[in-house]
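A quick write-up on the structure given underneath.
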Amino acid sequence: MSTVVRESRFGMFGGQYVPETLMNALIDLENEYKKCLVDPEFWAEYQYYLREYSGRPTPLYFAANLTKALGGGRVYLKREDLNHTGAHKINNVIGQVLLAKRMGIQRIIAETGAGQHGVATATICAMMSLKCEVYMGAEDVKRQELNVFRMELLGAKVNPVNSGTRTLKDATNEAIRDWVANVDDTFYVIGSVVGPHPYPSMVRDFQRIIGDEVKEQIMALEGCLPDYLVACVGGGSNAMGLFYPFIDAPGVKLCGVEAAGLGLDTDKHAASICKGSPGVLHGMMTLLLQNGEGQILPVHSISAGLDYPGVGPEHAYLYQTGRAQYAAVTDYEALHAFEFLARTEGIIPALESAHAIAYVQKLAPKTSKDALIVVNLSGRGDKDVYTAAEAMKPGQSEAENMKAGDLE
Amino acid sequence: MRIHQVFEALLSSGKKALIPYITAGDPDLAVTEAAVLAMDQAGADIIELGVPYSDPLADGIVIQRAFQRALEAGTNIHKVLDLVESLQGRIKAPWALLVYFNPVYQYGIENFIARCAAAGVTGLIIPDLPLEERTELQRTLEDRSCPLDLIPLVAPTSGERISRVVAGATGFVYAISSKGVTGVRKQFAEDLESFIGQIRAATNLPIALGFGIGDVETVARIKHLVDGVILGSVLVKMIENAATKDEVVEQVSSFIRALRIELGCG
């Protein structure tokens with residue numbers, strides 16, 4: 001029996017660990033999604049909104065200054081930050097909301113951490129005249145006041161979540177609970193390649209547009225495939241979207257970058273792959289930060305979008321099989337990269353994406369001049385300037401203290 | 001005593017099973033022990049004990065808070081099973097353990113089942129382990145011929161899944177009264193009667209109804225449909241509001257006694 005390949009799994013990871021009440025809804029979702037997969041009309045509509053509403057294709061920008069400053073391979077930035085609402089999140093939301101409409105569902109719910117996925121969902125719901133409720137940890141509501149205002153401005157209802165650690169993990173629990181209670185008339189738009197099957201595959205398919213475009217663009221620009229793909233990994237949707245079309249090209253190295261927070265040797269990080277172990281959360285078997293008794297641990301990253309104790313099951317699988325490599329960079333390194341990209345290229349990256357840039361700062365100098373490195377600039381940094389300004393104040397932040405510590 | 005024997009004895013004398021739930025370690029294990037003994041004495045037929053978990057996605061706010069209190073008090077799965085074991089011979093009601101899958105998985109399925117059996121646990125309720133994911137655990141139970149029932153949960157949304165969910169199951173069927181998480185409510189599934197009828201058509205196992213049942217009146221209203229009732233959040237709330245262990249014992253005992261009268265006593 002154990003040799004039977006299950007569609008709901010990536011090796012040992014994935015699955016559907018949810019209350020029985022949701023099982024038929026997941027099965028309906030999967031069936032409808034399978035129909036969409038082979039329906040050219042569905043994809044034509046999806047492409048239409050990506051192009052006309054979100055502004056795709058996003059550029060693959062040759063970062064000449066960054067390349068020169070790092071003194072190694074040629075660095076390209078995939079400009080997902082130029083999407084409408086400022087991040088890759090909208091690719092997935094357009095796909096899922098079109099699916100919800102096709103299923104005749106009028107009420108949309110979503111979870112959000114920093115608010116990017118919540119804003120994207122509220123945006124598409126406004127445009128498509130659907131009711132939208134967003135669950136957000138009470139801690140994050142406090143930290144991301146502006147995004148709360150944005151969602152409300154767009155007509156969404158934001159529900160602060162006071163349970164557990166009051167962050168993304170708990171917002172996700174609460175969204176699942178809402179779905180259990182309102183499963184007949186509600187579509188749950190998950191924001192990353194996480195959750196029970198079919199979400200991880202579905203969200204990946206709605207994000208693979210990133211990798212598909214990169215493939216075409218780099219072939220046109222350079223005439224060959226890239227040597228490295230680099231992307232940050234929280235739940236992992238921007239990375240999965242970039243990696244997926246290249247999985248069968250063994251020459252392309254896939255590098256995921258997790259949040260090391262205050263350091264992997266502390267208990268304040270969010271590196272579920274680098275430091276986690278297999279377990280079950282939010283309906284999926286994956287790599288988790290947990291204690292020996294299976295309780296999920298509090299996590300930390302300066303970037304709210306990476307502040308998650310698990311990771312998409314397909315990433316866990318890519319890690320386990322060795323197809324992708326995963327590293328982690330600290331808050332301090334990410335802040336440094338945030339500033340570095342602003343100064344060299346005039347682009348302020350999201351703190352999430354700054355983790356990928358930080359990794360490229362280490363990687364690029366070790367590569368030859370003709371190596372091609374594509375890094376996913378998954379979001380823009382406007383939302384983070386306040387956080388960054390606070391953290392960069394001398395002596396004000398943990399990251400700064402760490403910097404001081406490093407110098408001693 | 002195994003769970004099916006409890007139901008057989010009750011059914012033959014025209015009574016219904018009373019299955020109270022509390023969270024282990026809320027607010028500490030001493031209160032849990034006292035409450036369990038009190039419920040057993042007041043006439044509970046099966047005791048459902050919850051193992052606290054950080055991310056209980058099938059539970060409403062009352063049980064979430066109980067889990068949090070228990071975890072903050074340092075409760076873990078080992079201490080819960082030690083408590084269960086220490087009460088062997090001191091209570092007559094068999095145990096059903098409510099546990100989320102991740103703590104079981106971390107314990108190791110084999111080891112967990114062996115430890116449960118040794119401690120005297122007779123039933124497992126795992127709210128996030130649907131049919132699709134239960135094969136390994138079920139097979140381990142069968143391979144070791146453990147005297148332990150994996151209680152299947154069936155929801156009003158289960159539809160044609162019901163027959164597959166209950167196939168090969170033992171103990172009883174846990175019928176979820178309505179869509180939603182745990183927590184006292186007035187409204188159950190619109191068509192509770194036909195829902196229970198669908199389960200009856202699929203299995204001979206006894207059926208206990210849970211989720212949302214909060215008072216004697218509700219029990220009186222629905223008891224003719226099922227073979228047992230499960231009450232959780234209402235008891236957890238009593239424990240939350242009680243100031244002392246004695247108050248917990250007093251309130252829980254009198255509530256269980258009232259339910260016992262409603263469900264048939266003696």
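Everything quoted here is computed from the prediction, not taken from an experiment. Letters A, B, ... are given to chains in the order of the sequence lines, protein chains preceding strands, and every chain is numbered from 1.
- Only the side chain of L71(B) comes within contact range of chain A, judged by heavy atoms closer than 4.5 Å.
- Per-residue counts of heavy-atom pairs under 4.5 Å with chain B were compared for E174(A), M285(A), E293(A); the largest is that of E293(A).
- Atom OH of Y317(A) has 12 or fewer heavy atoms from other residues, nucleotides or ligands within 6.0 Å.
- Contacts between P56(B) and chain A at a heavy-atom distance below 4.5 Å involve backbone atoms as well as side-chain atoms.
- By number of non-hydrogen pairs under 4.5 angstrom with chain B, the leading residue of K169(A), R177(A), H282(A) is R177(A).
- Looking at N173(A), its side chain never comes within 3.5 Å of a backbone N or O of L57(B) through a donor-acceptor pair.
- Of all the heavy atoms in Y17(A) and P130(B), the pair that sits closest is CA-CD, 4.2 Å.
- For P278(A), the parts lying near chain B are the backbone and the side chain together; criterion is any non-hydrogen pair under 4.5 Å.
- In this structure, the separation between OG on S163(A) and CZ on F67(B) is 12.5 Å, given to the nearest 0.5 Å.
- Within a 6.0 Å radius of CD in E142(B), more than 12 heavy atoms belonging to other residues, nucleotides or ligands are found.
- The number of heavy-atom neighbours closer than 6.0 Å to CZ of F13(A), taken from other residues, nucleotides and ligands shown, is above 12.
- Annotation for V280(A) and N102(B): closest pair N-OD1, 2.8 Å, computed over non-hydrogen atoms.
- Within 6.0 Å of CD in E193(B) there are 12 or fewer heavy atoms belonging to other residues, nucleotides or ligands.
- For a residue to count as touching a neighbouring chain, one of its non-hydrogen atoms must lie under 4.5 Å from one of that chain's; by this rule V104(B) does not touch chain A.
- With a 4.5 angstrom heavy-atom cutoff, I27(A) touches chain B only via side-chain atoms.
- Taking CD of Q106(B) as the start and CG of L288(A) as the end, the distance is 7.5 Å to the nearest 0.5 Å.
- Of the two parts of I176(A), only the side chain, counted from C-beta on, holds a non-hydrogen atom closer than 4.5 Å to a non-hydrogen atom of chain B.
- With chain A as the partner, the residue from I176(B), D55(B), V51(B) showing the most heavy-atom pairs under 4.5 Å is D55(B).
- At a 4.5 Å heavy-atom cutoff, the contact between P103(B) and chain A is made by backbone and side-chain atoms alike.
- For F101(B), the part lying under 4.5 angstrom from a heavy atom of chain A is the side chain only.
- When atom types are taken as modelled, the side chain of Q295(A) and the backbone of S54(B) share a donor-acceptor pair closer than 3.5 angstrom.
- A distance of 11.0 Å separates CZ of R9(A) from CD of E132(B), quoted to the nearest 0.5 Å.
- Side chain of T21(A) to main chain of K179(B): no donor-acceptor pair is present (N/O by atom type, distance under 3.5 Å, no hydrogens or angles).
- Under a cut-off of 6.0 angstrom, the local environment of CD in Q187(B) is sparse, with at most 12 non-hydrogen atoms contributed by other residues, nucleotides or ligands.
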### Task
Would you check, one step at a time, whether the test side-chain contact (heavy atoms from CB on, under 4.5 Å) holds for R161(B) with E20(A)?
CA-CA 10 Å; R161(B) 292 171 54 81; E20(A) 169 63 21; 2.9 Å; yes
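- The most heavy-atom pairs under 4.5 Å with chain A, out of S158(B), G60(B), A58(B), come from S158(B).
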